Amino acid sequence: QVQLVESGGGLVQAGGSLRLSCAASGGTFSSYSMAWFRQAPGKEREFVARVTMSGITTSYADSVKGRFIISRDNAKNTVALQMNSLKPEDTAVYYCAAGPLSDDARRFNYWGQGTQVTVSS
């Protein structure tokens, strides 16, 4: 079992930056691919970014490509999401997830509780 705890959300103006962190415990962190998803009110949970077990390969949703950066530190059991040039449409609850290398939320078994990101215009 893996427990995930996100932090770093908050309120920011459009064009600003936030850095989300996710701390993992209770499992072998380096044996999981990690991903960030987000869910806005009234919308389905959507893929944001993912990183392989080694941390070498990353992938992003088109909507965040060039603005967000995912990274992981296997020594510290953490994964981060650096969000730059934020837009109001980035407003959502952000979740980290541990599981297979996928952008399908249904394939992930381990989820954090989520952290709210609000971008004002």
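Numbers here are sequence positions counted from 1. Just so it is clear, the structure is predicted and the values come from calculations on it, not from any experiment.
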Heavy-atom side-chain contact between Thr115 and Val93 under 4.5 Å: no

Heavy-atom pair of closest approach, residues Glu6 and Gly112: OE2-CA, 3.2 Å

Any side-chain heavy-atom pair of Arg38 and Val64 under 4.5 Å: yes

Pair listing, disulfide bond (SG atoms under 2.5 Å apart) test, anchored in residues 79-121, at least two apart: Cys22-Cys96

Gln3 side chain to Ala24 backbone, donor-acceptor under 3.5 Å: no

Pairs flagged by disulfide bond (SG atoms under 2.5 Å apart) wherever residues 36-70 is involved - sequence neighbours left out: none

side-chain contact (heavy atoms from CB on, under 4.5 Å) assessment of Phe29 paired with Thr78: CA-CA 8 Å; Phe29 180 72; Thr78 58; 5.7 Å; no

Test item: side-chain donor near acceptor, Ser17 and Asn84, under 3.5 Å: yes

Steps toward side-chain contact (heavy atoms from CB on, under 4.5 Å) verdict (Val48, Leu81): CA-CA 10 Å; Val48 175; Leu81 185 68; 4.1 Å; yes

side-chain contact (heavy atoms from CB on, under 4.5 Å), paired with Met83, selected from Val117, Val12, Asp90: Val117

Criterion side-chain contact (heavy atoms from CB on, under 4.5 Å) on Thr52 and Met34, from CA distance to verdict: CA-CA 7 Å; Thr52 55; Met34 298 298 296; over 6 Å; no

Donor-acceptor pair, side chain of Thr91 and main chain of Val119, under 3.5 angstrom: yes

Pairs where residues 56-93 contributes a residue and the test disulfide bond (SG atoms under 2.5 Å apart) is met, not counting sequence neighbours: none

Pairs touching residues 75-121 that satisfy ring pair (Phe, Tyr, Trp, His ring centres under 6.0 Å), sequence neighbours left out: Tyr32-Tyr110, Phe37-Phe108, Phe37-Trp111

Main-chain N/O of Ser30 paired with Thr28 side-chain donor or acceptor, under 3.5 Å: no

ILVMFWY clustering at 4.5 Å (side-chain atoms), partners of Met53: none

Sequence neighbours excluded - salt bridge (Lys or Arg N to Asp or Glu O under 4.0 Å) pairs with any residue from residues 105-121: Asp104-Arg106

